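Input: a single structure, listed below in structure tokens.
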Amino acid sequence: QHAGFFRPLVPAGTQWIKKGQLIGKIFNERMEWVEEILMPTTGLISNIIEASMVSTGDELFELMAPEKK
């Protein structure tokens with residue numbers, strides 16, 4: 001929801017991440033934290049953005065979620 005500098009906190013494709021776990025942060029130009037990015041559901045992140053600058057609405061990661069039974 002915020003533009004700024006994105007810092008991913010988890011690697012892509014190496015571990016299952018639980019719903020609600022912190023996966024990245026967005027900072028403003030003064031390097032003040034403005035938003036935490038939380039995992040929306042338990043699953044595997046197949047790709048996470050490496051670009052430092054992000055705009056509002058950018059897709060920051062791709063999610064591979066387990067199938068529900």
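No experiment lies behind these values; they were computed from the predicted model shown.
Across all non-hydrogen atoms, the minimal contact from E59 to I49 is O-CD1, 4.2 Å. Of all the heavy atoms in P40 and L63, the pair that sits closest is CG-CD2, 4.0 Å. Here the shortest heavy-atom pairing between M31 and F5 reads SD-CD1, 4.3 Å. In terms of heavy atoms, S46 sits closest to A12 at O-CB, 3.9 Å.
The shortest side-chain heavy-atom distance between I17 and L44 does not fall under the 4.5 Å cut-off. For the pair K19 and M39, the minimum side-chain heavy-atom distance is 4.5 Å or more. Side-chain contact between R7 and F27: present, with at least one pair of heavy atoms (C-beta onward) separated by less than 4.5 Å. Using a 4.5 Å cut-off on side-chain heavy atoms (C-beta onward), I48 and F6 make contact.
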Before you tell me yes or no, could you show the steps for I37 and L60 under side-chain contact (heavy atoms from CB on, under 4.5 Å), namely the whole-Å CA-CA distance, both residues' side-chain angles and the distance that decides it to 0.1 Å?
CA-CA 9 Å; I37 308 301; L60 302 177; 3.9 Å; yes

- Message: Does I45 form a side-chain contact (heavy atoms from CB on, under 4.5 Å) with E62? I'd like the steps, not just the answer.
- Response: CA-CA 6 Å; I45 292 178; E62 294 175 11; over 6 Å; no

* Hey, mind stepping through Q21 and V10 against side-chain contact (heavy atoms from CB on, under 4.5 Å) and telling me if it holds? -> CA-CA 10 Å; Q21 182 177 334; V10 297; 4.1 Å; yes

F61 and I23: CA distance, side-chain angles, deciding distance, side-chain contact (heavy atoms from CB on, under 4.5 Å) verdict: CA-CA 10 Å; F61 61 93; I23 59 173; 3.5 Å; yes

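Residues V54 and L38 are members of separate hydrophobic clusters, defined by side-chain heavy-atom contacts under 4.5 angstrom among Ile, Leu, Val, Met, Phe, Trp and Tyr.
In this structure, the separation between CG on N28 and CD on E35 is 12.0 Å, given to the nearest 0.5 Å. Note that the OG1 atom of T41 and the NZ atom of K18 stand 13.0 Å from one another [nearest 0.5 Å].
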